[in-house]
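The structure appears below as structure tokens.
Ligands are counted one by one from 1 in listed order, and the atoms in each one are counted from 1 as well. Residues: numbered from 1 along the sequence shown.
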Amino acid sequence: MTAQKIDGNALSQKLRADVTTRTATLKAKGITPGLAVVLVGENPASQVYVRNKVKACQDSGLHSVLDKHPDTLSEVALLARIDALNHDASIHGILVQLPLPPHIDSQKVIEAISPAKDVDGFHIASAGALMTGMPGFWPCTPYGCMKMLESIGYNLKGKHAVVIGRSNIVGKPMALMLLQKNATVTICHSATPDLKAMTLQADVIVAAVGKRNVLTADMVKPGAVVIDVGMNRNEEGKLCGDVDFVGVEKVAGYITPVPGGVGPMTITMLLVNTLEAAERV
Ligand code: GUN
């Protein structure tokens, strides 16, 4: 058996076409959805990410501003900038690119963003909304994973989902989203004694650790759905995920590739969240 690939590029294209249409409808009513991407410092990876986010907005007709600051920016000045963006009617979503320089308290900055504009879904109010099933913004990466499961018509009710990784950005919100769709959810992490014993029971596995080959073929139940959130480099410098793709695709029913899987979905869900922030105004 060879797993069917879930193509994140194709799904993104479809969802972004819908964003473009809805954005045009909103613009006709005089509202242009706007995203502010705040970047502090010169982190090369962050520079690429923010450029891609700004370009994706432009491609779908959203307004976007890149709010760039030197890494000498003080925490007080950054908080003042966030406050200004909170009050800027042309901005519906605010994203502060992480990591921030060490002299700035990231959590304090995130909590300064108005929850109504928290399109990254990192604010404590957004986390609380997800936990309690209230309306709010879902973090983009796990939200994208849910859209991928939806795209194959997968019904999570009564299924066992195993999430590997417990980060605030992916693992924990992922588990809550799967739970909300009535899966039985297990969260595994670095202190889990027998990961294989857990993953072998799983109908759905989400690998979100940031380490190559965390999931190998012998750890996967035949036919399981495998979602790979990892973004790593192999010895040749090629992009790869957390899953041993070559081995696991022979056992799984569905699998997301890296690149071309979860990666493009993250920015797509950022566009969706920004559009929805504008639609809620
Ligand atoms: N840094 C790495 N990934 C992300 C993300 O999804 N959002 C933000 N704000 N910063 C990041």
Spatial distance of atom [atom1] ([X]) from atom [atom2] ([Y]) [nearest 0.5 Å]:
X	Y	atom1	atom2	answer
Ile205	Ile227	CD1	CD1	10.5 Å
Leu156	Gln180	CG	CD	11.0 Å
Ile104	His69	CD1	NE2	9.5 Å

Exercise. For residues 83-138, which residue pairs qualify under ring pair (Phe, Tyr, Trp, His ring centres under 6.0 Å), counting only residues two or more places apart or in two chains?
Worked result: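 Found Trp138-Tyr143.
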
For this session: Using a strict 4.0 Å threshold on nitrogen-to-oxygen distance, state whether Glu111 and Lys108 make a salt bridge.
Result: no

For this session: Output the set of protein residues with a heavy-atom contact under 4.0 Å to ligand 1, ordered first by chain identifier and then by residue number.
Result: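 Around ligand 1, where the cutoff is 4.0 Å for heavy atoms, the contacting residues are Lys53, Leu95, Val96, Gln97, Leu98, Asp120, Phe122.
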
Exercise. On the ring face of Tyr154, is Lys159 found with NZ or CZ under 6.0 Å from the centre and within 45° of the axis?
Worked result: yes

